[in-house]
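Heads up, the thing below is written out as structure tokens.
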Amino acid sequence: MRSDLSKPVKQDIRVFGSDILFDGSNEVGIEHAGSLYRLKITRQGKLILNK
């Protein structure tokens, strides 16, 4: 049986490093469809998105 797990996956997404996105802050705003979302870095270093 042949496994395709090692096959490269095409990615059509733009990738931003969190260091560039946050630029030293712990929170950024994202406007989407007329609403403002807040993306935060938690004390544990994880990301949380709030509306």
Side-chain angles (χ1 to χ4, degrees):
M1 176 180 228
R2 183 172 174 254
S3 173
D4 289 330
L5 293 177
S6 63
K7 184 177 176 182
V9 177
K10 182 181 176 186
Q11 291 186 338
D12 291 334
I13 61 170
R14 293 171 57 189
V15 177
F16 299 92
S18 63
D19 55 337
I20 293 171
L21 185 63
F22 286 91
D23 193 27
S25 69
N26 288 328
E27 184 176 348
V28 295
I30 302 169
E31 187 178 345
H32 175 71
S35 295
L36 179 63
Y37 293 81
R38 294 165 42 183
L39 183 63
K40 299 179 188 180
I41 301 174
T42 67
R43 283 185 229 134
Q44 294 80 26
K46 301 192 186 236
L47 296 176
I48 186 164
L49 181 66
N50 291 321
K51 185 172 181 183

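Hydrogens, waters and symmetry mates are skipped; everything else that's a heavy atom, side chains included, is used. Positions are given from 1, in the same order as the sequence printed here.
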Apart from Val15 itself, residues in the same hydrophobic cluster as defined by side-chain heavy atoms under 4.5 Å: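 For the cluster that includes Val15, the remaining residues are Ile13.
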N/O donor to acceptor pairs below 3.5 angstrom from side-chain atoms of residues 27-36, sequence neighbours left out:
unit_1	atom_1	unit_2	atom_2	d
Glu27	OE2	Arg38	NE	2.5
Glu27	OE2	Arg38	NH2	3.3

Rounded to the nearest 0.5 Å, what's the gap from CG on Asp23 to OG on Ser18? Could you check?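 Result: 11.5 Å between the selected atoms.
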For Asp19, enumerate each residue passing the side-chain contact (heavy atoms from CB on, under 4.5 Å) test, keeping only those at least two apart in sequence or located in another chain.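 In terms of side-chain contact (heavy atoms from CB on, under 4.5 Å), with neighbours along the sequence ignored, Asp19 is linked to no residue.
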Pair listing, salt bridge (charged side-chain N to carboxylate O under 4.0 Å, His left out) test, anchored in residues 40-51, at least two apart: none
May I ask you to test the Ile41-Phe22 pair for a side-chain heavy-atom distance under 4.5 Å? yes
Are Leu47 and Thr42 close enough, and set up right, to give a side chain to side chain contact (heavy atoms under 4.5 Å, CB included), and what steps lead you there? CA-CA 6 Å; Leu47 296 176; Thr42 67; over 6 Å; no
